[in-house]
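See structure below.
Just follow the structure's listing: the first ligand is 1, and inside any ligand the first atom is 1.
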Amino acid sequence: MKHYIKHHPWHIVEEGFDPHLNRVSESLFSIGNGRMGQRANFEETYSGEMHQGTYVAGVYYPDKTRVGWWKNGYPEYFAKVLNAPSWIGIHIKIAGKELDLATAKIENFRRVLDMKQGLLHRSFTATLPGGKKVAVDAKRFCSMADGEIGAIRYEVTPLNFSAKASIRLTVDADVVNKDSNYDEKFWEPVSEEAKSGRAIVTAQTKKTFFHVCTGMTYSISSGGKQDKVKPKVSKKPQYADNVVEVSLRKGTATTIEKYAVVLSSENHPKAKLTAVAAKKLEKALATGFDKLFANHVAVWSHKWDECDISIEGDIAAQQGIRFNIFQLMQTYTGEDERLNIGPKGFTGEKYGGSTYWDTEAYCLPFYLGTSDPKVARNLLVYRYKHLPKAIENARKLGFTEGAAFYPFVTMNGEECHNEWEITFEEIHRTSAMAYAMRDYIDYTGDRDYLVSHGLEVLIGISRFWTQRVNWSKEKNSYVILGVTGPNEYENNVNNNWYTNYLAAWTLRFTLESLDYVRKKDHKKYEALAKKLNFHDARETGTWKEIVAKMYYGKDEKRGILLQQDGFLDKELLTVNDLKPADRPINQKWSWDRILRSCFIKQADVLQGLYLFEQDFDQESIRRNFDFYEPMTVHESSLSPCVHAILASKLGYEAKAYEMYLRTARLDLDDYNNDTEDGCHITSMAGTWLSVVKGFGGMRVIDGMLHFHPFIPKQWNSYSFRLEFRGRVIKIQVTKDHVKTILEHGEPVEIVVNGSKKQLSTSSKG
Ligand code: BGC
């Protein structure tokens with residue numbers, strides 16, 4: 001754990017420069033805009049420890065798989081999000097000496113991430129070897145108003161001298177991935193242009209042939225007056241710059257405004273990239289930093305109006321929740337159905353930047369509650385577009401007749417994970433796509449999504465389950481053998497309750513959805529049946545049979561659901577029996593010891609009870625929670641939030657709060673000592689869920705919003721907003737009352753603590 005981030009309701013603040021924390025801060029202070037993002041690297045030269053990281057959404061490299069023992073069915077590659085060309089470089093030499101925070105004496109260092117405005121702000125004074133002292137103030141943002149634009153305002157003021165300085169403004173595509181299987185470089189040059197006042201570099205990814213065109217232009221002024229500069233320009237493969245000589249005057253700020261464009265061939269024809277970049281640069285320069293920034297802030301302000309959570313009385317919790325919301329909002333904006341949410345977003349390379357079941361199980365409800373429905377819909381359409389690849393993926397593993405097996409990890413729909421216990425066995429993920437559809441429909445009421453896209457996906461997934469179950473004579477039931485449930489600390493187990501339940505539920509949901517589509521648009525149903533070669537009576541007959549005869553392990557004596565057939569043979573200990581030196585067990589114990597132990601990495605049976613709580617009574621949920629919670633080590637960041645929600649439901653308020661704290665400041669306090677690799681973006685959605693579904697008790701039942709709130713005793717009040725069917729509803733909870741306000745939209749009826757309440761924009765709440 002680290003506690004160096006200063007508490008503030010809207011800012012993430014670091015005071016004083018500690019080079020050992022630099023990589024952690026580079027992750028925490030990352031900025032992005034859905035199209036691109038970057039770690040909080042310095043603009044000027046830094047020769048100390050750092051992880052240079054700039055990322056462009058949708059641009060990846062299929063890095064050849066590296067495994068010791070090849071298994072048939074493994075994918076050929078593990079996709080990597082690409083560390084992309086950097087546009088931030090502003091390298092300053094004063095009287096021949098480089099400004100470098102690793103060699104200068106640094107005072108008054110302050111790095112602030114202003115989450116309200118989406119601004120990275122850094123200031124410090126540096127004494128260069130030889131004694132020249134400068135004050136620097138640097139501001140940077142990736143525009144939310146135009147996802148292809150970024151800008152920097154960099155001010156340097158000599159404090160004890162006047163001298164000549166050179167400023168080298170760069171675009172650099174000679175970058176390497178930290179995450180690379182064979183230490184290969186993933187980019188190759190296409191073109192470079194260096195002209196007076198601008199530089200543009202286009203680079204191409206190997207194998208995938210994405211082109212990324214990165215350009216920059218700038219203006220320089222001293223004491224508020226524009227300098228006429230005559231730069232020296234230079235270029236080499238994958239690099240271009242302008243070097244400007246300026247006279248720094250003691251006490252006078254020299255201001256560099258650098259504008260960047262980042263274009264990808266995913267959005268522009270390759271042949272036009274340089275021309276489009278030049279035009280956009282010209283426009284950005286003419287618009288100027290202040291106006292570009294104002295446009296950017298306006299977008300943030302609108303977003304915060306719809307998604308802010310405010311907490312009174314606990315500033316650490318307040319900062320934590322806003323940080324989580326901020327990171328999610330700048331990672332995925334939902335405008336482009338080809339994009340998704342990598343577990344590290346734009347803050348690092350771990351997990352390859354690919355899409356996991358995290359999106360459907362955790363992120364989708366966050367975007368449903370905070371954004372226009374088209375944002376969540378695009379996440380569904382992303383998987384719809386990957387359906388042919390999911391069918392191909394299933395075919396590779398021996399499934400037939402249009403069975404769809406969605407990958408555990410993907411960039412373009414193909415599986416790119418290669419650990420057998422996950423790739424082949426963690427099969428519950430394919431149904432996360434079905435569950436997400438139900439979540440979306442329940443929340444938005446847009447059932448017709450089933451007609452246009454959903455049913456086709458559901459039929460594919462249901463066909464997979466039909467072939468994946470087998471009949472057990474012994475149990476006189478359908479069973480699912482050889483799986484890994486959400487708890488990755490058990491592999492190759494039989495009848496993981498969560499997997500069996502989800503499989504049968506998917507079949508039921510497909511049957512209901514079929515009925516709906518048949519009635520709603522018979523023509524569409526017939527066309528789909530033809531396209532999919534769907535044998536309605538035969539296939540639905542099998543599904544009904546599986547639903548009726550699916551096996552679910554139970555322990556009648558304890559009144560609990562069995563995580564898997566052999567679970568009770570384990571030595572049943574609790575986390576309290578573990579010595580602190582044993583934790584985290586995934587770093588301290590051998591893998592076989594973990595597998596044999598009862599310790600649970602993340603919510604598993606409890607994940608199922610969270611998703612399907614309406615199917616179980618409160619006492620069953622309690623018995624299962626009381627049994628499984630004490631064995632859960634929460635060594636996945638996705639786990640505590642589910643426990644927080646269930647604990648809230650069960651009235652275990654202290655437990656709920658403990659679990660909430662664990663998720664909310666996971667990165668800010670570097671709980672798992674791994675923030676330097678990037679932030680845990682997908683689990684941040686879980687933090688939001690802990691407040692809204694946990695403390696706020698929000699549920700959608702039959703198209704109506706229900707709340708059953710409580711307030712953690714550490715807080716004075718909290719409030720959150722929900723975007724719901726064209727309305728913005730604010731819920732405020734204090735120690736003695738719950739206030740509900742319709743901030744925007746048509747009147748609506750909601751249910752608070754079991755009582756119906758009519759809301760309109762004129763009512764008082
Ligand atoms: C979790 C998975 C998750 C992945 C990416 C793993 O540690 O066990 O459930 O999908 O991280 O976040």
* To do: Just say parallel, tilted or perpendicular for the rings of Tyr652 and Phe625, cut-offs at 30° and 60°.
  => tilted
* Under 30°, 30 to 60°, or over 60°: which ring-plane class applies to Tyr552 and Tyr501, parallel, tilted or perpendicular? -> tilted
* Asp358, any N or O under 3.5 Å of ligand 1 N or O -> yes
* Structure fact -> shortest atom 4 (C) of ligand 1-to-protein heavy-atom contact is with Tyr356 CD2, 3.9 Å
* Asked: Parallel under 30°, tilted from 30 to 60°, perpendicular over 60°: which one fits the rings of Phe464 and Phe405?
  -> parallel
* Structure fact -> Which of Glu676, Arg39, His680, His51 passes side-chain hydrogen bond (donor to acceptor under 3.5 Å, both in side chains) with Ser27? Answer is Arg39
* Run the numbers for me: atoms of ligand 1, each under 4.0 Å from some heavy atom of Leu638, listed by number. => 3 (C), 9 (O)
* Asked: Considering only the protein, which heavy-atom contact is closest to atom 8 (O) of ligand 1, and what is its distance?
  -> Gln602 OE1, 2.5 Å
* Would you say ligand 1 has an N or O under 3.5 Å from any N or O of Thr682? -> no
* Asked: Any N/O of Lys601 closer than 3.5 Å to an N/O of ligand 1?
  -> yes
* To do: Could you label the plane-to-plane angle of the Phe509 and Trp505 rings as parallel, tilted or perpendicular, counting under 30° as parallel and over 60° as perpendicular?
  => parallel
* To do: Please confirm whether Tyr435 and Phe612 have ring centers closer than 6.0 angstrom.
  => yes
* Asked: If you count the atoms of ligand 1 from 1 in the order shown, which ones are under 4.0 Å from a heavy atom of Trp357?
  -> 2 (C), 3 (C), 9 (O), 10 (O)
